Structures are given as C-alpha cells and as structure tokens.
Amino acid sequence: MPELPEVETVVRDLRPLLVGRTIAAVEVGERKLRRPWNAAWGPTLIGRTFTVARRRGKWIILELDDDRRLVVHLGMTGQFTVADVALVRPDHLHLSFALRGGEAELRYRDIRRFGSVELFPDEATVVAYLGAKLGPEPFDIPAEPFAAAVRGSTRNLKALLLDQGLIAGVGNIYADEALFLAKLHPTTRGCDLTAKQVKALREAIPTVIERAVAGRGSTIRDYVGGSGLRGEYQNELAAYGRTGEPCLRCGTPLAMLRVAGRSSHFCPACQKASLT
DNA sequence: CTGTAATCCTGCGAGC
DNA sequence: TGCTCGCAGGATTACA
C-alpha cells in the first residue's frame with residue numbers, strides 16, 4: 001500500500017516518538033509475515049534504545065544503540081505506529097515493542113502480511129541488502145544515467161517507474177501521477193521518448209512525490225502514519241482512482257488500463273500513446 | 001531481456 | 001441477506 005510518501009510520513013511521525021526510547025519487552029504474534037520474524041531476536045532487544053529513524057525507498061530503518069537495525073517493509077497493508085498501551089490491541093497485530101516508561105508501545109500491524117520486520121547486525125549488512133535492489137531516491141535521480149536507462153529500454157514507462165532498481169520508492173499511485181504530470185502514456189516504451197520527454201518524466205517524479213509527502217501521503221484504504229493518523233493526499237490525486245472522472249487539464253474522462261500487471265489511470269487525450 | 005501470470009494474504013464492494 | 005468474483009499503496013518467481 002504505502003509508497004515513498006506514506007513511508008516517509010510514518011518515519012517522520014515515529015522519529016519524535018521513538019528516538020531515545022528504550023525497549024522494555026517484545027511480543028510476537030502467531031502468524032508468519034512474508035519474511036518471518038526470528039524468535040531469537042526479541043530477547044536480545046530488551047534494554048536497547050532507538051537512536052535513529054530513517055527511510056530508504058519504501059523501507060523503514062530504525063537504528064539501535066548497539067548498531068543493529070530494525071528494517072521494516074509495510075507491504076500492502078502494514079501499519080507501524082506508536083500507540084498508547086491503554087488503546088485496545090487491534091486484530092492483525094504481529095509485533096509489539098513495549099517502551100520503557102510503560103505508557104506506549106511500537107506496534108506492527110499488517111492485515112495481508114505482505115510486509116516484514118527484520119533485524120540486521122549493522123549498517124553494512126543493510127546496505128548490502130537494500131543497496132543491491134534499490135536505485136536512487138526520486139529527489140536525486142542522476143540525469144544522464146536515468147536518460148540512458150530509459151531510452152535504452154523497450155520496457156513501457158509504467159514498468160520502468162515501478163522498478164525499484166531504477167528509482168526507489170515509486171509505486172502504483174505515484175507512477176500514474178508522474179505520468180499524468182509529464183503527459184506520458186503508461187504503455188509508451190522508454191526507447192520511444194524524446195530527450196525532452198525523459199527530462200519531463202525525471203522532473204515529474206520528485207514533484208509528485210514532494211507534494212504527496214506534504215500531504216502526509218494518500219489513504220486509499222488501510223494506510224495510517226506513525227501516530228495512527230490517516231493521509232490527506234488522496235483528495236489531491238489527479239489520475240489514480242479517477243477512472244471516468246474528468247481530466248483536471250482537459251475535461252476528458254480518464255481511462256484505465258492494465259499495464260505491467262497493475263491498473264493504470266490516465267487521460268486518453270493528454271497522455272497520448274507514443275507517436276514520436 | 002520482455003511481458004504476463006501466479007504467488008503470498010485478507011477484506012471489501014459490486015452484482016446477482 | 002448471502003453468495004461469488006474481482007480488486008487492492010508490493011515484491012518475487014516461473015514461464016512463454
């Protein structure tokens with residue numbers, strides 16, 4: 001569910017609630033996550049303090065004072081929040097980390113269990129793991145390598161945008177939003193873009209992501225930030241989920257197409273299939 | 001290298 | 001009301 005803006009919002013929310021706090025207890029649910037939590041990890045975390053909360057692509061990294069890192073992916077329905085222990089334990093809660101002081105706990109909830117929470121021994125192993133699969137963040141996409149990758153590929157633009165190895169953090173919502181902003185059709189092949197169009201695409205991505213971060217992400221269904229608040233950007237979306245509704249630029253009803261295995265929303269009038 | 005489909009899961013809305 | 005079907009912010013794998 002969550003893409004870069006949602007994950008960034010979770011991290012920003014968690015940071016002031018977690019940094020400096022010490023783990024007092026760890027509780028583990030019965031059901032397995034996509035990449036299962038190792039039962040041996042829990043006891044070793046007691047007494048450890050969170051020092052840093054950060055993000056890389058759609059991954060959350062929580063650093064501990066012994067150099068280890070909790071690495072979390074929210075999958076489609078993951079929720080990572082600090083909640084008052086007095087609040088009723090929700091269903092689908094898989095992990096909870098009680099914080100010293102007694103009044104709050106860090107909770108990992110995930111209905112579909114596509115997400116994961118794992119412990120890494122140090123930064124080097126995290127870099128080895130994530131670095132191998134993630135490209136640059138949307139805010140610093142290097143112009144030349146990006147242009148070469150796009151124009152050298154016969155893959156369609158939707159598939160390229162969803163490729164975490166090309167750019168980290170873009171998912172189905174913001175891929176559609178970026179293509180709408182750049183006036184590009186999701187099925188257009190990378191190799192069919194002009195230099196100008198590649199530039200428009202490269203610039204549209206951070207623009208869209210930045211706006212969504214400012215709006216605390218989009219809550220379509222399950223997503224909530226680190227303090228349990230819903231996002232607000234779903235109301236600002238120009239393409240995603242607006243099939244049949246008028247294009248905000250030209251009024252033409254938006255269309256929907258299955259591209260790269262995902263539903264893709266676009267304006268058939270201002271996002272023409274490649275003709276250059 | 002491509003694209004497509006299936007897989008991992010649960011829940012919800014649409015349609016009958 | 002109850003049923004089935006299809007779909008959902010992701011990532012990986014198998015196969016044509």
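Here the structure is a predicted model, which is why all the values come from computation and not from measurement. Reminder, nothing fancy here: chain letters follow the sequence lines and each chain counts from 1.
Between Lys32(A) and Ala159(A), the one whose closest nucleotide on DNA chain B sits nearer the 5' end is Ala159(A). Remark on DNA chain B: of its neighbouring residues Arg221(A) and Arg155(A), the 5'-side contact belongs to Arg155(A), judged by nearest-heavy-atom nucleotide.
As judged by a 4.0 angstrom heavy-atom cut-off over every strand, Ile111(A) is placed among residues touching the sugar-phosphate backbone only. Ser218(A) comes within contact range of at least one nucleobase, with a heavy-atom separation under 4.0 Å. When heavy atoms are screened at a 4.0 angstrom cut-off, Gly261(A) is found touching no nucleic acid atom at all. Using a 4.0 Å heavy-atom distance criterion, Asn156(A) is classed as a sugar-phosphate-only contact. Among the heavy atoms of the strands lying under 4.0 Å from Arg258(A) are primed sugar atoms or P, OP1, OP2 only; no base atom is included. Backbone-only engagement by Tyr240(A) is indicated by non-hydrogen atom pairs under 4.0 Å involving sugar-phosphate atoms exclusively.
Between Glu6(A) and Arg221(A), none of the side-chain N atoms (NZ, or NE/NH1/NH2) sits under 4.0 Å from a carboxylate O, so this pair counts as no salt bridge. A salt bridge is absent between Arg54(A) and Glu137(A): the closest approach of a Lys/Arg side-chain nitrogen to an acidic carboxylate oxygen does not fall below 4.0 angstrom. Using a 4.0 Å cut-off between charged side-chain N and carboxylate O, Asp91(A) and Arg89(A) make no salt bridge.
Within residues 113-136 of chain A, the residues having any heavy atom under 4.0 Å from DNA chain C are, by residue number, Phe114(A), Lys133(A).
Protein atom CG of Leu4(A) is 11 Å distant from nucleotide atom P of dA11(C), rounded to whole Å. Distance, Met76(A) CE to dG6(C) C1': 13 Å, rounded to whole Å. When the P atom of dA8(C) is taken as reference, atom CG of Leu237(A) falls 15 Å away, rounded to whole Å.
A distance of 11.0 Å separates OG1 in Thr49(A) from CG in Leu18(A), rounded to the nearest 0.5 Å. Between the NE2 atom of His94(A) and the CD atom of Gln79(A) there is a distance of 10.0 Å, given to the nearest 0.5 Å. With values rounded to the nearest 0.5 angstrom, Leu4(A) atom CG is found 9.0 Å from Gln164(A) atom CD. Distance CZ/Arg258(A) to NZ/Lys158(A): 9.0 Å, rounded to 0.5 Å.
The main-chain N or O of Glu63(A) is found under 3.5 Å from a side-chain atom of Thr51(A) such that the two form a donor-acceptor pair.
With a 6.0 Å cutoff to the six-membered ring centre and a 45° limit on the axis angle, Arg48(A) does not count as a cation-pi contact of Phe97(A).
Heavy-atom contacts of chain A under 4.0 Å fall on DNA chain B between two terminal nucleotides, which in 5' to 3' order are dT2(B) to dG11(B).
Using a 30° and 60° split on the angle between ring planes, Tyr108(A) and Phe80(A) fall in the perpendicular class, above 60°.
For the side-chain contact (heavy atoms from CB on, under 4.5 Å) criterion with Ser218(A), the lone passing option out of Tyr223(A), Tyr174(A), Tyr240(A) is Tyr174(A).
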Exercise. Would you write the dot-bracket representation of DNA chain C, where each base gets (, ), [, ], | or . depending on whether it forms a Watson-Crick or G-U pair under 3.5 Å and with which partner?
Key: .|||||||.|||||||
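Across the C1' atoms, dC9(B) and dG2(C) are found 23 Å apart, a figure rounded to whole Å. Between dA5(B) and dG6(C), the distance separating the two P atoms is 14 Å to the nearest Å.
Heavy atoms from other residues, nucleotides or ligands lying under 6.0 Å from CD of Glu144(A) number 12 at most.
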